[in-house]
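Side chains included, hydrogens not; waters and symmetry mates left out as well; all remaining heavy atoms used.
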2 protein chains.
Amino acid sequence: MQRVTMMDVAKLAQVSPSTVSLYLRKPAAVSAAAGQEIARAISTLGYVPNLVAGGLAAASSKVVSIIVPSIRNAFFAETVSTLQSELAAEGLQVLLGHSEYGEDQEEALVRTALSWAPAAVVLTGLSHSAETRKLLQASGVPVVEMWELGGKPIDMAVGFSHPHVGASAARHLLSKGRRAIVFLGARMQEDHRAEKRASGFAETARMGDVLSYEIINHPGAATVEAGSLLLTRALERIPNLDGIACSNDLIALGVLFECQRRGITVPDDIAVVGFGDLDFSASCIPSLTTIRPSGDLIGREVARLILNSIQGERPEGSARIIDTGHVLIERRST
Amino acid sequence: MQRVTMMDVAKLAQVSPSTVSLYLRKPAAVSAAAGQEIARAISTLGYVPNLVAGGLAAASSKVVSIIVPSIRNAFFAETVSTLQSELAAEGLQVLLGHSEYGEDQEEALVRTALSWAPAAVVLTGLSHSAETRKLLQASGVPVVEMWELGGKPIDMAVGFSHPHVGASAARHLLSKGRRAIVFLGARMQEDHRAEKRASGFAETARMGDVLSYEIINHPGAATVEAGSLLLTRALERIPNLDGIACSNDLIALGVLFECQRRGITVPDDIAVVGFGDLDFSASCIPSLTTIRPSGDLIGREVARLILNSIQGERPEGSARIIDTGHVLIERRST
DNA sequence: TTGAAAGCGCTAACAT
DNA sequence: ATGTTAGCGCTTTCAA
């Protein structure tokens with residue numbers, strides 16, 4: 001497949017292969033004359049470096065392995081997208097894997113990832129199998145865990161506290177005078193981060209001046225449909241329900257639709273706060289009060305950490321943990 | 001990084017490295033006794049094959065490079081997700097890149113992709129720079145173009161006809177007695193597929209019994225917000241508007257919201273048909289008539305084509321083009 | 001069925 | 001600034 005090699009370029013440019021290699025990695029280290037010759041040879045031959053060979057020789061490839069639960073989730077799609085762009089700008093490729101919220105699957109992905117001698121590995125969350133941690137630690141590869149803070153990371157971490165998010169949602173509902181509140185989540189048996197938002201919510205509710213608070217889980221994925229179902233369940237259990245926090249804006253949208261169907265007025269009858277600030281959240285009816293985690297920012301910070309680790313000194317101490325925080329955006333639904 | 005090598009395994013199992021290599025690829029070709037020894041050695045040493053070295057020696061790596069315009073787009077997220085899962089099951093890794101609808105960006109991505117000596121390359125659509133086609137053709141790597149049909153593919157293609165989709169939308173509106181119809185699209189100056197849906201729509205409208213038809217483009221991304229803006233523009237230009245086709249369900253959702261804000265009843269005043277059958281489309285108010293392209297199915301078929309190409313004979317003739325079609329799902333919005 | 005040998009194309013000391 | 005020299009860890013003929 002690979003026709004032209006560095007050797008061919010070297011011959012045409014009348015230099016040694018190592019000079020070509022050097023030119024490719026540090027153009028400034030080569031004399032202007034040689035550089036010109038090499039550049040010409042590269043373009044006339046249409047030379048494309050073989051990164052596989054380079055990776056083998058350098059014992060580390062220009063690949064960053066990213067493992068997310070699911071790319072269908074808009075949160076992770078946003079982060080992966082940003083990350084990919086930032087890394088591509090530095091000549092790094094993204095190897096993508098989906099754990100589907102399974103630690104065993106994640107472990108298998110990490111194993112294959114490591115067999116690529118990646119420049120870095122990015123994982124989602126702080127919960128991993130013991131073996132996963134061991135593998136990564138032993139590998140010496142820079143590791144960034146993203147989208148969660150609050151535990152001891154394997155190496156570096158970029159994210160925010162999910163309990164804090166849940167607490168913010170609860171506090172916001174309380175500040176609006178809501179006293180019978182509920183947290184609607186999906187797939188929380190697997191999605192530990194959603195589950196932590198729920199706990200933060202419950203914690204704050206418990207300390208607050210409420211008549212009742214509850215957490216309801218939908219075992220399936222976080223979809224609009226799930227939101228409808230969850231609202232139905234919630235109304236059955238809490239007739240005087242007046243405040244809802246959702247673990248995801250899709251669920252919140254489903255809640256809004258279901259309220260509309262039932263003639264429940266948002267926010268007069270029930271206030272709704274979501275999580276994610278997705279595409280539709282500002283434009284739906286009523287516009288959705290939500291908590292923005294900024295998947296974009298997470299992507300940028302992860303990229304920064306990785307680039308620092310590779311081309312320079314690895315971050316130390318507190319520089320290895322970056323809190324991207326969260327912002328509650330108040331709109332019409334509360 | 002890489003500690004244990006095949007050599008170590010061979011030593012412990014008292015065989016030669018090439019026997020270990022053989023065992024790893026074709027366990028049946030090795031004697032039961034040797035196989036057992038090797039298996040034991042691998043597990044006691046915790047050996048993980050180095051795929052970089054393997055890729056170099058075999059002159060083709062177990063990587064499939066996928067290039068999509070944007071992973072933030074739910075359509076492509078679905079396909080990539082399915083594709084990744086199917087390929088991972090066969091030991092193939094996914095290298096992801098975003099072209100952001102730019103042919104130059106795509107070309108750069110293809111270039112790097114090829115430098116990994118990938119097992120296959122997957123592109124989105126049939127429009128690419130001449131250089132991109134040349135690079136891929138010269139490489140001899142299996143190439144699959146997805147999400148579009150109707151031109152001559154570089155190698156293989158899986159998708160459907162976008163003009164046909166636009167035509168279906170127009171026909172559907174006409175069948176509902178709509179006579180002043182419009183196609184609302186976004187980013188059509190870059191998104192050729194959306195633009196083709198628009199042409200198919202216009203073509204059918206022109207032939208049909210309509211009072212007026214029009215295509216309106218929003219230069220930005222296809223978002224809910226864009227849908228609101230587009231409806232506003234459409235109403236200014238076509239006061240008697242009674243039918244809308246959207247290039248994306250997000251736009252359609254924005255249209256539904258804007259109608260609600262303006263007191264326009266869907267479908268009585270205006271019928272709306274979308275494209276994508278996204279998460280919310282079945283549950284919004286009113287539920288959205290839409291055209292489902294099935295990103296899932298595309299992912300599965302692309303995977304099948306790739307696997308056939310790799311581990312067997314490459315598909316020939318008409319087997320290299322797979323039409324996944326589209327389905328119009330009628331719901332309340334029309 | 002197994003092993004020996006020859007690279008795959010490149011990088012990275014080291015020497016010049 | 002440039003070239004020489006060894007590999008990186010594995011696959012793959014080819015012989016045995």
For the pair A:His128 (side chain) and A:Gly125 (backbone), establish whether a donor and an acceptor sit closer than 3.5 Å, ignoring hydrogens and angles.
yes
Any A:Tyr23 side-chain N or O less than 4.0 Å from OP1/OP2 of C:dC10
no
Rounded to whole Å, CG of B:Asn50 lies from P of D:dG9 at a distance of 7 Å
Rounding to a whole Å, what distance do you find between A:Met7:CE and C:dT11:C1'?
14 Å
Take atom CE of B:Met6 and atom C1' of D:dG7, then tell me their distance rounded to the nearest Å.
17 Å
Here's a test of your reading of the structure: between B:Ala29 and A:Ala57, which maps to the more 5' nucleotide of DNA chain C?
B:Ala29
Those residues at least two apart in sequence (or on a different chain) that pass side chain to side chain donor-acceptor pair (under 3.5 Å) with B:Ser61 are none
Go through D:dG9, D:dT12, D:dC10 for me and flag the one nearest to the B:Ala58 side chain.
D:dT12
Closest heavy-atom contact between B:Pro142 and B:Ala119?
CD-O, 3.3 Å
Of the residues in residues 12-22 of chain B, which ones touch DNA chain C at a heavy-atom distance under 4.0 Å?
B:Val15, B:Ser16, B:Ser18, B:Thr19, B:Leu22
Of the nucleotides D:dA1, C:dC10, C:dT2, which has the atom closest to the A:Ser31 side chain?
D:dA1
Euclidean distance, atom CG of residue B:Leu24 to atom C1' of D:dT11 [Å, nearest integer]:
11 Å
Separation of D:dA1 atom P from A:Ile38 atom CD1, nearest Å, is 13 Å
Tell me every residue that passes side-chain contact (heavy atoms from CB on, under 4.5 Å) with B:Ile322, counting only those two or more places apart in sequence or in another chain.
B:Val158, B:Glu301, B:Arg304, B:Leu305, B:Thr324
How would you list, by chain and number, every residue that makes a salt bridge (charged side-chain N to carboxylate O under 4.0 Å, His left out) with B:Asp155, sequence neighbours excluded?
B:Arg314, B:Arg320
Taking side-chain hydrogen bond (donor to acceptor under 3.5 Å, both in side chains) as the cut-off, I'd like each qualifying pair that reaches into residues 79-98 of chain B, sequence neighbours left out, listed once.
A:Arg72-B:Ser81, A:Arg72-B:Thr82, A:Trp116-B:Gln93, B:Thr79-B:Trp147, B:Thr82-B:Asp296
For B:Ile154, does its backbone N or O pair with a side-chain atom of B:Glu145 as donor and acceptor, under 3.5 Å?
yes
A:Lys11 meets the salt bridge (charged side-chain N to carboxylate O under 4.0 Å, His left out) criterion, sequence neighbours left out, with none
End-to-end axis angle, where each axis spans five pairs of the helix from C:dT1-D:dA16 to C:dT16-D:dA1, to 10°
20°
In whole angstroms, how far is the C1' atom of D:dT13 from the NZ atom of B:Lys26?
14 Å
Over how many whole Å does the gap from A:Lys62 atom NZ to C:dC10 atom C1' extend?
13 Å
What's touching nucleotides 14-16 of chain D from the protein side, N or O pairs under 3.5 Å?
none

side-chain contact (heavy atoms from CB on, under 4.5 Å) with B:Pro69: which residues, sequence neighbours excluded?
B:Phe76, B:Ser99, B:Tyr101, B:Thr124, B:Arg193
Side chain of B:Ala53: nearest nucleotide among C:dG9, D:dT2, D:dC10?
D:dC10
Can you name the side-chain contact (heavy atoms from CB on, under 4.5 Å) partners of A:Ser21, sequence neighbours left out?
A:Met6, A:Arg25
B:Glu131 meets the salt bridge (charged side-chain N to carboxylate O under 4.0 Å, His left out) criterion, sequence neighbours left out, with B:Arg111, B:Lys134
Against the side chain of B:Leu56, the closest entry in D:dT11, C:dT2, C:dG9 is C:dG9
Just the rounded figure in Å: distance from P of D:dG9 to CH2 of A:Trp116.
15 Å
Those residues that, when tested against B:Pro17, pass side-chain contact (heavy atoms from CB on, under 4.5 Å) (two or more places apart)
B:Met7, B:Ala10
Using a 4.0 Å heavy-atom cut-off, does A:Val52 contact any base of the nucleic acid, only the sugar-phosphate backbone, or nothing at all?
nothing
What's A:Arg25 touching, base or sugar-phosphate or nothing? Going by heavy atoms closer than 4.0 Å.
sugar-phosphate
